Every structure is written in structure tokens, then in C-alpha cells.
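One-based numbering, in listed order, for ligands and for the atoms of each. All values derive from a computational prediction rather than experimental measurement.
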Amino acid sequence: MSQDSSEREQWSTRIAFILAAVGSAVGLGNIWRFPFITGENGGAGFLLVYLLFIVVVGFPAILVEFVIGRHTERNPVGAMQEIGRGAWQYVGWVFVVATFVIMSYYSVIAGWTIRYTILGLQDGYMADIDAAASQFGQLSVGLEAMALHGFFLLGIIAIVGLGIRQGIELAVKVMVPAIIAIVVGLAAWASTLSGASEGYSFYLEPDFGRIASEWTSILPDAAGQAFFTLSLGFGIMITYASYIDEDRNLAEDGAIIIGFDTAIAVLVGLIVFPILFTAGVDPGEPGPGAIFVSLSAAFGDLSVGWLAGTVFFGTVIIAALSSAISLTEVVVSYAVDEHGMDRLRATVFVCMALFVLGLAPAYDLVFLDLYDGLMNGILLLLGGLLISVYVSWLWAGPAVEELEQGVGDIGPLGTTWVWLVRVPVLAVILVSLWLGIVDY
Ligand code: PHE
Ligand code: NA
């Protein structure tokens, strides 16, 4: 039973769509993942490659998802069934699987951010790095972590269950401006720290020798991060674009969304690295706990660190929530469109399944590492690879037509976009995927 497309909800305004997509893009990827992946890969050199990939890979790839979504006005599974031939019809399922895997640990990490926000208000943060590390070891897994993971999912049910207009739109209209204001404020505060200039030079002065010697890890990490941070490879941008009108300029909207996401990631680096260098913490310390351990040690070492830390981790909760609702929406829109399920019931059902799946990473960090490596090194690039191949090689005509909707004839730009996807985008994804698999 498919829902009649005339009854399907749409975003109320262009700004609402942009805010929702920005809300999806800006999340733990910018704040938790970006700084530790950048730190692990040596700082500025990684930043340079990452920024390059955002422009030459991320921008063309976000348009691939936009044209599929707006053309079909359907969820990712239904959309690929509609435009795909043969086995391509089933590509949408990669997204649903990827969505379940990522959400199951994304909300566990979101649960940590809730814990660390409370920590600042309750006892403050520990200045000693070893104490902070053992505290993280205690807080990150176990019953409390499981409960906070469930608590976070309840927030999602409340927002997604209310639907596109009342729920998601309203939430992001408040969240996105708040995040931007707080991140700018914290970056300004961080610039006054004694380790600021050392932090800036690690983060902003690239070491080209290091790029050359470590490209086998920098390349896949930067490509995976570019996809993760822009919410690509999960069908999210397909889903969100399925709710927009034909008279919008997709390329312009894409550029705005990418601009916001990139600005926030870069700003977070301007917060994190000065803090780390001021507290004398090694920015290259690897692992998913790195940012929680080193930042809480850093906050514990600074005079008003408890306040800065509470504000910082509180912001991360908001950012994580707006990303998580977009992930949940992929699966919910599938259940609503294709099976005529009630929206609220579908949301509750999905969140219950996610809760169970997330118990493993909330029980042992080994699972979290495993899920994150699988996601970023493999699954997410695979989803991006499949739709990029399909759209650029087998569906280029309708894709360019869809891109031109709302803009008029874009002449050679359409062909340029198709060839960007056909060659550089696919090459970067393939090489990264291969290096990622070897590494995994
Ligand atoms: N893009 C979000 C972030 O940077 C995370 C995310 C990934 C959200 C994939 C949805 C899908 O945190
Ligand atoms: Na992001």
C-alpha cells in the first residue's frame, strides 16, 4: 500500500528544508568525529585533504541524492525501486541497513554527551588525564550508558513521531541557530587561551611531507569523514529532498548546506586544538573516547572549564539530536510510504529495534569501534558508490533534467557535474573503499 503522493507532506518553506538538512549534517561527525580523526591524522595536512574532498566529492555527491529524492518524491528504498533497473532496484536496502548500524552506536555516543553535560554541572571535570580516562571507562559502558542511550531515543520518538512540519522543522529552527551561536562563542573564548597559537599551528599549518607519507590513511579517513559529515551514503538527502518543491535550485541549496557544515567543523577545530594544547594533551590520541577524555581533562584544567564544558557538551546533544532524527526518518518514511504504517507507531517500533541493537556498543566499546570502522570505512562509501555509479552512468539524462528544474537550462554545467561524478568522485570512493577494506 503506497501513500498517494498528493497527500505527502512537504517542507513549508525553503529555509525549513535547508535548516533540516543542515541539522542532519551538523552533528557528532563535526564535533566528536572530526577533531579526533583530524588529530589522529596529524592536523593541518588532513584538514587540507578533507576540505578538498568536501568540494570535489561531497558537493557533486550531495546533488546525486537530491535529484533522486526530488524526482521520485519517495523514501530511499522506494526511490531506487522506481528509477532502478534489475539489481539496482534493491540498492535502497543498503541505506536501511547502514542506517540501523550507525544509529545503534550514534545514540550511544549521544548518551555520553548527555552524561558529560550533567558531569559539568554536578562534579565538574577531572584535570588529571589518567583520572579522566578511567572516568570515561566507567561512564561510557554499562547500565547507565544503556539507559542514556534509551533516553536519547525517547527524544527522537517525540520529534519524529510528530511529523515533518510540527516535529522536525520546529526542532531544527531552534537548534541550528543555537549551535552556530554557541560554537562561535566557544571559538572566541578558546582563542584567549595560552596554548592557542600552538593549537592553531598544529591545525592550520600543513606538513606536506606527512600527507605524502601517510596518504594511505589520510585518504580513506578524509573521504569517509566527508561522507559521514554531509550525511551522504545513507539516503538521508534522498529522503529530505523528497519533500521539496520542483521550483528550488538544488545546487544552490546544496552549496549552502555544505557551507554551514564545513564552517562548523572548522570552528570546532578552532575550539578543540587550542584547548588540547593549553592543557598539554596529545591531540593524536586515538579512539572514540579521545575527545571525551582529552576535552574533559582540558576543561577540568581551566578556570571556568566546568561552564565551558557544560555548554559545549550540551550543544553536542542538540546537534546529535537533529542528526539522529534524520537517520530515523529514513526508516520511518520507508515504513509509512511503502507499508502505510502509522507514523508514530513506525517511529516507536524503529526506536525499540535501535535500542536493542545499541545495547552491544553500550556494553563494550569493542563493538563501537567495530561498528564505526565498518560504517565509515565500508558501508557508507558503498552506498555512495552504488548510487553515484547508477546516476552518473545509467541515469544521467533524467538526473540532469531534475537538476535543471527550478533553474532553467544550465548548459555545460550539467555535463560537468555528471563527469565529476563519473570520474573523480568514483575514483576517490573506490580507492578509499579499497584502502578502508584492507585496513579493516
Ligand atoms: N552528518 C552527521 C554528523 O556529522 C551524522 C550523520 C551521518 C547523520 C549519517 C545522518 C547520517 O554527525
Ligand atoms: Na556533519
(request) List in chain and number order the residues that pass ring pair (Phe, Tyr, Trp, His ring centres under 6.0 Å) with F136, two or more places apart in sequence or in another chain; answer none if no residue qualifies. (result) W112, F292
(message) Report the atom name of the nearest N/O/S atom of D261 relative to the Na ion (ligand 2).
(response) OD1
(request) Please say whether G29 places an N or O atom under 3.5 Å from an N or O atom belonging to ligand 1. (result) yes
(request) May I ask you to check whether F234 and F95 place their ring centres under 6.0 Å from each other? (result) no
(request) Just jot down the ligand 1 atoms closer than 4.0 angstrom to any heavy atom of Y106, in number order. (result) 2 (C), 3 (C), 5 (C), 12 (O)
(request) Please confirm whether F34 comes under 4.0 Å of ligand 1, counting heavy atoms of the residue only. (result) no
(request) Find all atoms of ligand 1 within a distance of less than 4.0 Å from any non-hydrogen atom belonging to N30, and give their numbers and elements. (result) 4 (O)
(message) Residue-level breakdown please: for S231 versus ligand 1, do any non-hydrogen atoms fall below 4.0 Å on the side chain, on the backbone, on both, or on neither?
(response) both
(message) For F260, is the CZ atom crowded, meaning more than 12 foreign heavy atoms sit under 6.0 Å from it?
(response) no
(request) Give yes or no for whether the N/O distance cutoff of 3.5 Å, strictly under, is met between S326 and ligand 1. (result) no
(request) Please write down residue, atom name and distance for the protein heavy atom closest to atom 4 (O) of ligand 1. (result) A25 O, 2.8 Å
(request) Decide if the gap between the ring center of Y334 and the ring center of W93 is smaller than 6.0 angstrom. (result) yes
(request) Measure from the ring center of F367 to the ring center of Y105 and say whether it is less than 6.0 Å. (result) no
(request) Return the residue, atom name and 0.1 Å-rounded distance of the protein heavy atom closest to atom 9 (C) of ligand 1. (result) F234 CE1, 3.2 Å
(message) A quick test of your reading: do over 12 heavy atoms of other residues, nucleotides or ligands sit less than 6.0 Å from CH2 of W189?
(response) yes
(request) Could you say whether the N/O atoms of F228 and ligand 1 ever approach to under 3.5 Å? (result) yes
(message) Please list, in number order, the atoms of ligand 1 under 4.0 Å from a heavy atom of S24.
(response) 1 (N), 2 (C), 8 (C)
(request) Grab the two heavy atoms, one from Y200 and one from P274, that are nearest each other, plus how far apart they are. (result) CE2-CG, 3.7 Å
(request) Flag T229 as yes when one of its N or O atoms lies below 3.5 Å from any N or O atom of ligand 1, and as no otherwise. (result) yes
(message) I'd like to know if R70 pairs up with D245 as an ion pair, taking the criterion as any Lys NZ or Arg NE/NH1/NH2 lying under 4.0 Å from an Asp or Glu carboxylate oxygen.
(response) no
(request) Could you tell me whether the Na ion (ligand 2) has an N, O or S atom of S231 under 3.0 Å away? (result) no
(message) With a sphere of 6.0 Å drawn around CZ of F100, does it hold more than 12 non-hydrogen atoms of other residues, nucleotides or ligands?
(response) yes
(message) Taking distance alone, with N or O pairs closer than 3.5 Å, would you say I236 contacts ligand 1?
(response) no
(message) Please report the interatomic distance OH(Y50) to CD(Q225), rounded to the nearest 0.5 Å.
(response) 5.5 Å
(message) For ligand 1 and L230, I'd like to know whether there is a polar contact (N/O to N/O, distance under 3.5 Å).
(response) no
(request) Determine whether the side chains of E338 and N75 contain a donor N or O and an acceptor N or O closer than 3.5 Å. (result) yes
(message) Can you name the atoms of ligand 1, numbered from 1 with element, that are less than 4.0 Å from a heavy atom of L28?
(response) 12 (O)
(request) To the nearest 10 degrees, could you say what angle the Na ion (ligand 2) makes with O of A25 and O of T229? (result) 80°
